[in-house]
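The structure appears below as structure tokens.
The chains referred to below are lettered A, B, ... by the order of the sequence lines, with proteins before strands, and numbering in each begins at 1.
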Amino acid sequence: MSGLTTLTRRADFLAANGAMRKPMPGFVLLVRKRDDGDLAIRLGITVTKKIGNAVVRNRMKRRFRALGRELLPEHGIAGADHVLIGRAGGVERDYQALRDELGAALRKLAR
RNA sequence: CCAGAGGGUCGGGCGGCCGCGCCCUCGCGCAAGCGGGGGCGAGGAAAGUCCGGGCUCCACGGAAAGCACGGUGCCGGGUAACGCCCGGCGGGGGCGACCCCAGGGACAGUGCCACAGAAAACAGACCGCCCUGUCUCGACAGGGUAAGGGCGAAACGGUGCGGUAAGAGCGCACCGCGGCCUCGGUAACGAGGGCGGCACGGCAAACCCCACCGGGAGCAAGACCGAAUAGGGAUCGCAUAGGGGGCUGCUUCCGCCUCGCGAUCCGGGUUGGUUGCUGGAGGCCGGGAGCGAUCCCGGCCCUAGAGGAAUGGUCGCCCAUCCGCGCCCCGGAUUCGUCCGGCGCGCGGUGGACAGAACCCGGCUUACAGACCCUCUGGCAUU
RNA sequence: GCGGGUAUAGCUCAAUGGUAGAGCACUAGCCUUCCAAGCUUGUGACGAGGGUUCGAUUCCCUCUACCCGCU
């Protein structure tokens, strides 16, 4: 993933859970500034079994990755971890609406 | 044309823009890397994990024994194997095409058959029927009988005729049942003949018996490389060698290996890379054997290999589908105004089912919008 | 991914193939000035679908949901 690295470790997700949080209709966005001097933007995705079966979960993760590739390099916060948590209804939601919501959430948390 | 049965195939297509994984390759560069080009990239069930295998490790001392445990169960064939498939047989259902069946053994033994009923498996007799006797003349006693009633899921062969005091396989015919013989078939089994006068209720998806099969674990198996740790401490209980533990279902003795054992608590380290990893009981086409499952021969092809997990995101057009409106035609009803059903055309809208590989195969089961093809059955109409 | 297990009343658990039971909870009544406790009633369940059987919560098969173990 160009310019983006993926979050895999459980500890990173737990740390992000204690940082800034912005719920939106299709997802919940968590942002944690690492403050370790590294300016890389990292992305993590969480979609639980409550959301649906494997097809639904994989589809949601793909759309979140597409969102991240499109918006984070420009509007993301440098040196921070971004975690997207899927919510019920996020799969049926219009992609354009998801993109607007992610942009709005990033602007709010950047301040 | 209507209704139905069996089998098979597919399971959206094309194109923009932006992207992902693996492999090959080109250019620049000492290298790390950067940029470009090309190829391939989910399913019929990838699912459930219900069976069978390949593969890997462990075990493979007397003992691949014995005992358990689990599974399968008409016959023949297919297969690497199977609980799968094919072809038969028997039973049941359907007018039929066709569908369904865990379908060995109940004189090896044990057990169960509630309620009802007189009686539930070995004989017996509640209401009855018949004969004899007694008397207070419609009851009692003795005997015979099991046809009828009643109960039940099931009642000791069934129906009819004869027979009898009433009855009874008591006798006869047919059916059922059990031996025997002959014939057909590899067999399950079937057909025919003759005998027996009925003896043998049901449940083994109850225990069980018989036959056959099964060593255990599973790619988080296993192999290699690298890093780190150096087999720690405390408390309590038991034991201190004629003892304890282990040797992969269990048992007994012998044998072998090993040594203090067990519980609780504290502290520390590792959670990396490569491989296994996709060429296989493989796919497609053609020919042959066979009723078929399947097998044989020849040619061509290589067709996902990810690793918190790629194969996508978002638009446009088209084709199925469904809905609404309008037009034409056909059939039916009509209170002649119209209404209902169907085919076709046009416009507008809707817009893809079940579902995502995780070592790999063969099956089974379950989920699934819709489309297409082949064969067959019954009915109606016409020639 | 692989391997096991469970499902019975609102909750925790029982029950040889023959009417599904106990405790807590809930409802109503009695008792009490009232509440609690106590006593007497009542409501309420075999996860779903097939099969074997005269008859299934139980036996067999297939689904569904949940739980546990293995890196």
Please give the distance between the [atom1] atoms of [N] and [M] as a whole number of Å.
N       : M       : atom1 : result
C:rG47  : B:rG8   : P     : 38 Å
B:rG197 : B:rC170 : P     : 10 Å
B:rC364 : B:rG287 : C1'   : 34 Å
B:rC219 : B:rA223 : C1'   : 12 Å
B:rG190 : B:rG94  : P     : 23 Å
B:rC213 : B:rC224 : C1'   : 39 Å
B:rC98  : B:rG196 : C1'   : 42 Å
B:rC113 : B:rC126 : C1'   : 22 Å

Complementary nucleotide for [N] - Watson-Crick or wobble, under 3.5 Å:
N       : result
B:rC329 : B:rG342
B:rC82  : none
B:rG21  : B:rC40
B:rC67  : B:rG249
B:rU164 : none
B:rA139 : B:rU134
C:rU8   : none
C:rU27  : none

In terms of base orientation, is [N] syn or anti, with the syn window spanning 90° either side of 0?
N       : value
B:rG192 : anti
B:rA42  : syn
B:rG337 : syn
B:rG12  : anti
B:rG214 : anti

Separation between CE of A:Met20 and NE2 of A:His82, rounded to the nearest 0.5 Å: 8.0 Å
Please report, rounded to the nearest Å, how far the [atom2] atom of [N] is from the [atom1] atom of [X].
X        : N       : atom1 : atom2 : answer
A:Asp100 : B:rU314 : CG    : P     : 14 Å
A:Phe64  : B:rA309 : CZ    : P     : 14 Å
A:Arg99  : B:rC315 : CZ    : P     : 10 Å

Can you find a pair of side-chain heavy atoms, one from A:Leu84 and one from A:Leu29, that are under 4.5 Å apart?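 Yes. Closest side-chain heavy atoms under 4.5 Å.
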Side chains of A:Leu102 and A:Met24: closer than 4.5 Å at any heavy-atom pair?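 A:Leu102 does not reach A:Met24 side chain to side chain.
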